[in-house]
Asks: 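Sending over a structure as structure tokens; questions will come in a sec.
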Amino acid sequence: MSSAPTPSETADTPAPQEFSIDALARETGTTVRNIRAYQDRGLLPPPERRGRKGIYNDAHFSRLRIINRLLERGYTLANIGELIESWERGNDIGHLLGLETAVASPWSDEVPDYVTMAELLRKFSGNFSRSALRRAVELDIIRPEGMRYRVPSPRMLHAGAELVAAGIPLEDMLEVVAYLRSNVEQAADEMVRLVAKHVFDRYGEGQLPPADDMPALADLIWRFRPLVEMAVLPEVARAMAKAADQHLGDRLALLMEHRHDPR
């Protein structure tokens, strides 16, 4: 079985990711043992060797995602091997992996970080209760991994620490995050549904696009990413301006009135 090629790069495509076998297992929700088993069966190409280290890339990530999804749909590893071989005989599997990479790659350039409980307490000046910790884990703001926590978005954690330092209770802030997330997820779901309906559904429900169309579809998804950000950020700014004027504008006006009150 041929090795999986890396996806073609476009102006909007981020730099290829690289993973150790442990990181690849963690990011794809599988195990190191499974990855090695898939390699032994020829379902997954071997990693690039750099000395004694094996380095995996976006193509490995994409193929693992495909394998996981087929397993979830009830396929056996033997069935998956037959599907991949059948695809490779008639098509360039790189096209399929390129489309999967465009869909599945992180939509943020943030690099996850790790913190210990002691570092969390220090960052929040001790204002990190057990109930807040449980809620932060529920919201996937932090993820327990052994004796430390993985932070998918260090920017969010930093913003939270700054707001807590300004006097905002962490528990209240986490509830705002939960409320925001439900609304953002609904908006994102509707936006992606538009792409699925008007771009992918024209090939027929449950049907793969022709191999020749896949590079263009992958390029569309890469171009879709910054367009979403361009559309969403102005709406966030508009909403924040409206809320700030509503809740803080009156207070500022009242302060000015008191300042100039001759009494």
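For this chain, numbers begin at 1 and follow the sequence in order. Heavy-atom basis, side chains included; hydrogens, waters and symmetry copies ignored. Given the structure is predicted, the values throughout are model-derived calculations rather than measurements.
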Asks: Taking the side chain as everything from C-beta on, heavy atoms only, tell me whether Leu133 gets closer than 4.5 Å to Tyr149.
Replies: yes

Asks: Thinking salt bridges, do Glu145 and Arg143 make one under a 4.0 Å N-O criterion?
Replies: no

Asks: Do Met191 and Phe224 make a side-chain contact, defined as non-hydrogen atoms from C-beta onward lying under 4.5 Å apart?
Replies: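 Side-chain contact under 4.5 Å: yes.
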
Asks: Might you work through the side chain to side chain contact (heavy atoms under 4.5 Å, CB included) test for Ser20 and Lys53, ending with a clear yes or no?
Replies: CA-CA 8 Å; Ser20 66; Lys53 290 185 178 181; over 6 Å; no

Asks: So does Arg155 get a backbone contact from the side chain of Glu110, meaning a donor-acceptor N/O pair under 3.5 Å?
Replies: yes

Asks: What's the verdict on side chain to side chain contact (heavy atoms under 4.5 Å, CB included) for Ile67 and Tyr75, showing C-alpha distance, side-chain angles and the deciding distance?
Replies: CA-CA 9 Å; Ile67 291 171; Tyr75 287 85; over 6 Å; no

Asks: Salt bridge check: are Asp40 and Arg36 linked by an N-O gap of less than 4.0 Å?
Replies: no

Asks: When you look at Arg50 and Glu18, which way does the side chain to side chain contact (heavy atoms under 4.5 Å, CB included) test go after all the steps?
Replies: CA-CA 12 Å; Arg50 295 182 189 168; Glu18 294 185 342; 2.6 Å; yes

Asks: Rounded to the nearest 0.5 Å, how far apart are CG of Leu170 and OG of Ser131?
Replies: 8.5 Å

Asks: Could you check whether any side-chain N or O of Asp172 sits under 3.5 Å from a backbone N or O of Ile168, counting only pairs where one atom can act as donor and the other as acceptor?
Replies: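 No; zero donor-acceptor contacts below 3.5 Å.
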
Asks: If you group Ile, Leu, Val, Met, Phe, Trp and Tyr by side-chain heavy-atom gaps below 4.5 Å, do Met173 and Leu121 land in one group?
Replies: yes

Asks: Leu139 and Tyr114: same hydrophobic cluster, using ILVMFWY side-chain contacts below 4.5 Å?
Replies: no

Asks: Would you say Ile141 and Met156 make side-chain contact, with heavy atoms under 4.5 Å?
Replies: yes

Asks: Can you tell me how far the CD atom of Glu171 sits from the CZ atom of Arg134, to the nearest 0.5 Å?
Replies: 10.0 Å

Asks: Taking Phe124's backbone N and O only, do any of them form a donor-acceptor pair with Asn127's side chain (distance below 3.5 Å, no angle check)?
Replies: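 A pair under 3.5 Å: yes.
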
Asks: Take Arg65 and Arg69, measure what side chain to side chain contact (heavy atoms under 4.5 Å, CB included) needs, and give me the verdict at the end.
Replies: CA-CA 6 Å; Arg65 295 264 304 195; Arg69 286 175 177 168; 2.5 Å; yes

Asks: Using only atom types and a distance under 3.5 Å, with no angle test, would you say the side chain of Asp219 pairs donor to acceptor with the backbone of Ala216?
Replies: no

Asks: CD/Glu190 to NZ/Lys197 distance, rounded to the nearest 0.5 angstrom?
Replies: 10.5 Å

Asks: Evaluate the side-chain proximity of Glu119 to Arg148: yes if any heavy-atom separation is below 4.5 Å, no if none is.
Replies: no

Asks: Can you tell me how far CD1 of Ile35 sits from CG of Leu43, rounded to the nearest 0.5 angstrom?
Replies: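 It comes to 12.5 Å.
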
Asks: Met214 and Leu220: same hydrophobic cluster, using ILVMFWY side-chain contacts below 4.5 Å?
Replies: yes

Asks: Check the pair Phe19, Phe61 against ring-ring contact (aromatic ring centres under 6.0 Å, His included), reporting the backbone distance first and the verdict last.
Replies: CA-CA 9 Å; Phe19 309 88; Phe61 177 88; 5.8 Å; yes

Asks: Report yes or no: do Val137 and Leu157 belong to one cluster of Ile/Leu/Val/Met/Phe/Trp/Tyr joined by side chain heavy-atom distances under 4.5 Å?
Replies: yes

Asks: In this structure, which one of Asn183, Val176, Val177 forms a side-chain contact (heavy atoms from CB on, under 4.5 Å) with Tyr179?
Replies: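 In the set Asn183, Val176, Val177, the residue that makes a side-chain contact (heavy atoms from CB on, under 4.5 Å) with Tyr179 is Asn183.
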
Asks: Name the residue from Asn79, Asn34, Leu77 that meets the side-chain contact (heavy atoms from CB on, under 4.5 Å) definition with Leu71.
Replies: Leu77

Asks: Side chains of Thr28 and Thr30: donor-acceptor distance under 3.5 Å anywhere?
Replies: no

Asks: To the nearest 0.5 Å, what is the distance between CD1 on Ile142 and OG on Ser153?
Replies: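 One gets 12.5 Å once the value is rounded to the nearest 0.5 Å.
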
Asks: Can you tell if the side chain of Asp189 reaches within under 4.5 Å of the side chain of Arg193, non-hydrogen atoms only?
Replies: yes

Asks: In terms of hydrophobic clusters joined by side-chain contacts under 4.5 Å, are Leu180 and Val232 together?
Replies: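 In one cluster: no.
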
Asks: Tell me every residue that passes side-chain hydrogen bond (donor to acceptor under 3.5 Å, both in side chains) with Arg202, counting only those two or more places apart in sequence or in another chain.
Replies: none

Asks: List the atom of Arg63, the atom of Pro45, and the distance in Å for their closest heavy-atom pair.
Replies: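 Minimum heavy-atom contact is NH1-CD, 3.9 Å.
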
Asks: State whether Arg150 and Glu27 are salt-bridged, where the test is any N-O pair (Lys NZ or Arg NE/NH1/NH2 against Asp/Glu carboxylate O) under 4.0 Å.
Replies: yes

Asks: Side chains of Tyr56 and Leu64: does their closest heavy-atom pair fall under 4.5 Å?
Replies: no

Asks: So which heavy atom on Asp113 is nearest to which on Pro154, and how close?
Replies: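 Of all heavy-atom pairs spanning Asp113 and Pro154, the closest is CB-CG, 3.8 Å.
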
Asks: Quick one: does Tyr203's side chain get under 4.5 Å of Asp213's, heavy atoms only?
Replies: yes

Asks: Any salt bridge between Arg135 and Glu138, counting N to O under 4.0 Å?
Replies: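 Glu138 and Arg135: salt-bridged.
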
Asks: Taking the side chain from His60 and the backbone from Ile55, do they hold a donor-acceptor pair closer than 3.5 Å?
Replies: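 The answer is no, because no donor-acceptor pair under 3.5 Å joins these two groups.
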
Asks: Hey, does Ile80 have a side-chain heavy atom less than 4.5 Å from the side chain of Thr76?
Replies: no

